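Proteins get letters first, then strands, A, B, ... in listed order; numbering begins at 1 in each. Given the structure is predicted, the values throughout are model-derived calculations rather than measurements.
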Protein chains: 2
Amino acid sequence: MRRRAIACKLRRRTEIWVLCLNKTFVSADDVAKRAGVSRSAVSRTFTPGASVSEETRQRVMQAAEALGYHVNQLARGLMRSESGIVCLVVSEMDTPYRARLVRALTHELQLAGKISMLINTDRSDGSVDTALRQTLHYRADASILLSGLPDKAITKLCLDSGQRIVLINRDDEIEGPFRINLDDGVAARVAVSAFLRAGCRRLAFANSAVGTPSLMAREQGFVAAARDFGLDVTVVRHGNTVYESGRTIGRTLFSGLEPPDAVFCVNDLMAFGLMDAARHEFGRRIPDDLCVVGFDDIEQSGWSSYALTTFTQPVDEIVRNSIAWLVNGDASSRSAFLHAPLIWRKTIRGTRRNG
Amino acid sequence: MRRRAIACKLRRRTEIWVLCLNKTFVSADDVAKRAGVSRSAVSRTFTPGASVSEETRQRVMQAAEALGYHVNQLARGLMRSESGIVCLVVSEMDTPYRARLVRALTHELQLAGKISMLINTDRSDGSVDTALRQTLHYRADASILLSGLPDKAITKLCLDSGQRIVLINRDDEIEGPFRINLDDGVAARVAVSAFLRAGCRRLAFANSAVGTPSLMAREQGFVAAARDFGLDVTVVRHGNTVYESGRTIGRTLFSGLEPPDAVFCVNDLMAFGLMDAARHEFGRRIPDDLCVVGFDDIEQSGWSSYALTTFTQPVDEIVRNSIAWLVNGDASSRSAFLHAPLIWRKTIRGTRRNG
DNA sequence: CGCCATTTTGCAAGCGTGTGCAAAACTTTC
DNA sequence: GAAAGTTTTGCACACGCTTGCAAAATGGCG
């Protein structure tokens, strides 16, 4: 065990380096010395699959325990080709769906022996770029991008530095990343037929103005499916994909001349906003006067004030697919296309059918 | 620029090491060579405050740009006493309040030039311990614990390895960490007087069975304040601090003989559950028949289905305090005691007064 | 016991960086 | 133009670890 000198600059003209003997760290050398073996033996003891005799391993482990030794991953990452770090790039990560995904990813990564670094891409003021570069500096093995925000240049930057990349619900046309997407089109079709079976005829689609591919896919799928049945759809796009936007859209729709009797909201949060506007400001009863479907199946959808019928994000599957590709390195498959089943609650009239 | 050899073991009896020339990394040496200077010069160029002539700096920067050089933080962390890594220890991080806190912390840490590692402490099956050790391996400069779960032993482990520690709403009696707490007692007192002013007399407190100090402080404060006014409080503790528990408690309270006309819920989520039970299962009107106050002021509290009057967590202040202590190293102050003001919405009768 | 095959071990050379030290280059002053 | 002062530079060691290689130890077998 060796005391490490920490240097502290004084502010006077002459710069004096002071030794503050306050931090103690244990290195493999210390353990080796105590166990009476070479440093290599210590290293091998902590390297799965390396060749060490049982006796040596025991002695090393004992010494390590006694001294409180931890392998220094920074140093290990320097030698090995992998650092064990996986970087999660997220914007608006306090959104229920995103938060759930981050939690699940982090948990599963931990089980796989990886550690997750969190990058927040909220502001586009350059701090994002800084932070991402920061990650590159840590030689992350991989990045998982759940955010709509960071642009292709960044994806490319990560790729170039040798990272594996997983894109969740994005579609950057870059060769290399593993893509996970949902069958948004199918879901939209299911929504339309559910509305029709409930006897709805004046359909509307509430979208944000963000224009993310997956959001647009839902919109286009819904419009197309409705057209197949000879119905038009009122499409409204507004603001961000949040509660407040849904509320605004609700006000627009229900103060119009031909208010809809069924709305597919691109997102649960927007559905809540729209429902609240419809109920509390326009006296609509749900599902009697109005049917609503959302997307994501966040926790709040189960709350009895909403009881929202919605498509559920297969979070577990998304996570499993991501980690499997990252860890097991099955570089053959380049994308996964997952199904989002409809969860029936109380915002569509009539009985459920398999959909 | 040097090609790095990546070793891949084949599965045949004889282990053959194959060279896959696929990853390119740029080191300071490469940059030095190209710029025609020593490696030290490169290092100093990327070290703020180091002594380099303007001319050299220019040449280095140019070469670095051309080659796409990034300082390797792993190596830097090895030399310097600090790694730039801050570890966030969180359980149930998809809970609205926690998610918001994590987002804010991450964002602010980024601005301070730090990077955050996320540790999930949900299961107590040992994976937590593994993950935390993992972090120690990365020589994190600091840890911020927002979780109720990890026990004192872990806190101590982090401290011993030289980390700075911030405890948010916890109270491990260990010397060293920086503690941030709210004036839960004051809030409880404010709640009581708000209820009294609204004419409520049958008070109840809805708590979880978790028993976290801050939650207990709210309960005790509420009971004490009520007693000062000569009132008893029905206290119910159940389950986790979540929606479902609030609902269960609601059912218990309103199917009892003396149902309350005012409930202080230890947490917004529980308040929602309780409100939903009261309204949809017992036909209570809020705030006419029942007044409710929550704690946290999460996003959902502003939704018009709830419009919950609640105490707001001063997230920004919490974050500012944490980061300031971590970064500027003001080791003098050992704790912060923050105020949680009441946000008036529509779950308490009558007009607002300053409280 | 001696020979060969196998496992275990220590040595030493890296990995990419920071930084004290002394030499070199430059600047100022007389 | 030389001496003294200041800034810049390169060398070389350190950080804590992994791992190829060859030497040492171990085991098997006749």
Please say whether more than 12 non-hydrogen atoms of neighbouring residues, nucleotides or ligands are located less than 6.0 Å from CD in B:Gln58.
yes
Taking N or O atoms only and anything under 3.5 Å, show me the protein contacts with nucleotides 9-13 of chain D, one pair per line.
unit_1, atom_1, unit_2, atom_2, d
D:dT9, OP1, B:Ser53, OG, 3.0
D:dT9, OP1, B:Thr56, OG1, 2.2
D:dT9, OP2, B:Ser53, N, 3.1
D:dT9, OP2, B:Thr56, OG1, 3.4
D:dG10, OP2, B:Ser38, N, 3.0
D:dG10, OP2, B:Ser38, OG, 2.9
D:dG10, N7, B:Arg44, NH2, 2.8
D:dG10, O6, B:Arg44, NH2, 2.8
D:dC11, N4, B:Ser40, OG, 3.0

Looking for any heavy atom pair under 4.0 Å, which part of the strands does A:Phe46 touch: base, sugar-phosphate only, or nothing?
nothing
Euclidean distance, atom CE of residue B:Met79 to atom P of D:dA14 [Å, nearest integer]:
10 Å
Would you say a side-chain N or O of A:Tyr138 is under 4.0 Å from OP1 or OP2 of C:dG16?
no
Hydrogens and angles aside, do B:Ser40 and B:Ser43 bring a side-chain donor and acceptor to less than 3.5 Å of each other?
no
Atom-to-atom span, CD of B:Gln73 to P of C:dT17 - whole angstrom:
10 Å
Is there a side-chain contact between A:Ile144 and A:Val90 (heavy atoms, below 4.5 Å)?
no
Find the distance A:Arg76:CZ to C:dT17:C1' and express it as a whole number of Å.
20 Å
Protein-nucleotide distance (A:Arg139, atom CZ; C:dG16, atom P), rounded to Å:
8 Å
From CG of B:Asn72 across to P of D:dC17 the rounded distance in Å is 16 Å
Ionic contact status for B:Asp94 with A:Arg98, cut-off 4.0 Å:
no
Closest approach of B:Arg103 and A:Glu92, non-hydrogen atoms and distance?
NH1-CA, 3.4 Å
Contact class for A:Val42 (heavy atom, under 4.0 Å): base, sugar-phosphate, or nothing?
nothing
Heavy-atom closest contact (A:His70 atom, B:Arg139 atom, distance)
O-NH2, 3.4 Å
Find the distance B:His137:NE2 to D:dG16:C1' and express it as a whole number of Å.
14 Å
Output the rounded distance in Å from CG (A:Asp30) to P (D:dC15).
11 Å
Please state how far atom CD in B:Glu54 lies from atom C1' in C:dC26, giving the value in whole angstrom units.
16 Å
From D:dT19, D:dC17, C:dG18, nucleotide with atom closest to A:Ala75 side chain
D:dC17
In plain terms, say whether B:Lys114 and B:Asp141 are close enough for a salt bridge, that is, a side-chain N and a carboxylate O under 4.0 Å apart.
yes
